[in-house]
Amino acid sequence: MIKIYSTLTRQLEEFKTIEPNVVKWYNCGPTVNGLMHLGHARSAIAFDTIRRYLEYRGYKVDYVMNFTDIEDRMIEVANKEKRQVLEVAEEYLSYFRRDMASINLKPATVHPRAMLHMNPMIEFVEKLVEKGYAYESGGDVYYDIRKFKEYGKLSNQKLENILQEGTEDTKNPNKRFPADFALWKAMKPGEPNWPSPWGKGRVGWSLECSQMSMMYLGETLDIHSGGQDLIFPHHENEIAQSEALTGKPFVNYWLHNGYVNIDKEKMSKSLGNFVNIVELLEHYSPDAVRLFVLQTHYRSPIIFTEDAMDQSQITADRLFNTLLLVKHYAKSEEILESSNEMDEKMIEKTNKSREDFLKGMNEDFNTSIALAVIFDLSHEVNNYIRKTEMINATVIHEVDQFFDEFRSIFGLFENFDQYSSFATLEQLVKLLIELRKNFRNEKNWEMSDKIRDDLKKAGIALEDTPKRILWKLTEE
RNA sequence: GCGGAGUUAGCAAAGCGGCUAUGCGGAAGUCUGCAAAACUUUUGACAGGAGUUCGAAUCUCCUACUCCGCUCCA
């Protein structure tokens, strides 16, 4: 049983989908007005991993992640750069796609863009006006939040505490109530605009997500996710819009990830203290970045420091070494079928590890615990490979299988493909190892070192251990 | 002001009432021609105070501090 924490109920709940074995999931994507930074990446990696886990558990996940390409900030950036909004959107969209791929995020089932859904969005607003939840005022259309009795249920706020005196929007004379939010905004000079029953203008930010999520996934979603900063007002507004329209619950489980903090502040576009993914990947591997994110539970804040990133890089490298070694022996023919006590213990350990791994992941996707299990097993395997008399085929295949599952869920180390012509390579390397053995017996260190060094240059690392000589392909 | 999250060893980070978390680092050792890798042992923590309990990092209360939302943000 998978337990999942929903922001709406503020507790762990048993995860049950509307349709058996299908998850309808909408994840709030970024506004494409800048480069992807670690804050975006944290959210994306966390939910990507949860998605992968659900898929691993046999769910078909319909995962929709939007790109907000028309919104105040988009216009702001376009104006500043003296370009068209569409042009800015296209450019950053392509960067986002590149950066998302670079940290091994699975593409969503659909990546809808707001600008391409203008007509259905207008219809959405019309229906809300018809139902009396929205009103036109000076070319704008606002949501009348006092009509929606449950407004504030997600963010746990009372109406009288929302939007105090002095906030900019309280002065907007078009609004009946200060906290009413815009569903439709009348165009200002120079802004991109679309025709509507209320004149030219564009859609409000929160409406985009309500409309696109329901269009692709239906009136009630299983999961809706995003950063904690979206809880209010964005997701609160989405609930108000969607539930007013359909009269049905909009979302069963609300998931919100914690922030990335840097220098004791939230990392964000507006504070200008963000670390872009492109820059980060100049110093760290994608695996290190994913590991850095996933060592922390997705709801907790992450403190970004270079030191912590360095630690993750080392950890990633060491883990990679072990997995590579296991993969190597899983493909090798140099292993035995008969088994002894040590083999049986190793199989037991592997099964127990999978059990604990699942237990951790089932408890609101505790990737910290899952990783601890992996490190533990990795440790045992290192011991086994170096100390057992003969490496047993069943053992190594079991371990390899589990590590494969782990890698696919965590999205790590997916560059093991270099093993395609493995058999040929193995024969060659074995030959060289034999030769080197002879040189070593003759204490011809010069030749034996030359073989090792030259192999190293060719991307093959040797390691002398008491029981055997290990070899593995190294990363470029 | 209102609403949340939090304070765990040098650093990062789990833990949700009794059981070595884990990773990085530090120390010692094993292996070894050298190298590389790995392993073994070890080091050390629960912000402070009071309470509940046979037993508390874990529950309650108080104090201090930090961050976040209420404005565009993942």
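Just so it is clear, the model here is predicted, and its values are computed rather than measured.
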Close N or O pairs between protein and nucleotides 8-11 of chain B (under 3.5 Å):
from, atom 1, to, atom 2, distance (Å)
C11(B), O2', D307(A), OD2, 3.3
C11(B), O2, Q311(A), OE1, 3.1
C11(B), O2, Q311(A), NE2, 3.0

Base-pairing string, 5' to 3', of RNA chain B - Watson-Crick or wobble, under 3.5 Å, | interstrand: ((((((((.[[[..)..(...]]]((((((.......))))))...[[[[[..)....]]]]])))))))....
Grab the N/O contacts between the protein and nucleotides 17-21 of chain B below 3.5 Å, and write none if there aren't any.
none

Restricting to salt bridge (Lys or Arg N to Asp or Glu O under 4.0 Å), what partner residues turn up for [X], sequence neighbours left out?
| X | answer |
| --- | --- |
| K456(A) | none |
| K443(A) | none |
| K387(A) | none |
| D364(A) | R299(A) |

Taking only residues two or more places apart in sequence, or in another chain, which ones meet D454(A) in a side-chain contact (heavy atoms from CB on, under 4.5 Å)? K450(A), K457(A)
State which residues pass side-chain contact (heavy atoms from CB on, under 4.5 Å) with E91(A); sequence neighbours excluded, sorted by chain then number. R83(A), Y95(A)
Any pair counted as side-chain hydrogen bond (donor to acceptor under 3.5 Å, both in side chains), so long as it reaches residues 99-115 of chain A, sequence neighbours left out: E55(A)-K106(A), D69(A)-R113(A), E90(A)-R113(A), N104(A)-E414(A)
Have a look at H234(A) and say if it touches a base, only the backbone sugar-phosphate, or nothing, with a 4.0 Å heavy-atom cut-off. nothing
Does anything in residues 446-468 of chain A form a ring-ring contact (aromatic ring centres under 6.0 Å, His included)? List the pairs, not counting sequence neighbours. none
Write down the protein N/O and nucleotide N/O pairs, taken from nucleotides 37-42 of chain B, whose separation is under 3.5 Å; answer none if there are no such pairs.
from, atom 1, to, atom 2, distance (Å)
A37(B), O2', R386(A), NH2, 2.9
A37(B), O2', E463(A), OE1, 3.2
A37(B), O2', E463(A), OE2, 3.4
A37(B), N3, E463(A), OE2, 3.2
A38(B), O3', N382(A), ND2, 3.4
C39(B), OP1, H379(A), ND1, 3.3
C39(B), O3', N383(A), ND2, 3.1
C39(B), O2', K387(A), NZ, 2.5
U40(B), OP1, H379(A), NE2, 2.9
U40(B), OP2, H379(A), NE2, 2.8

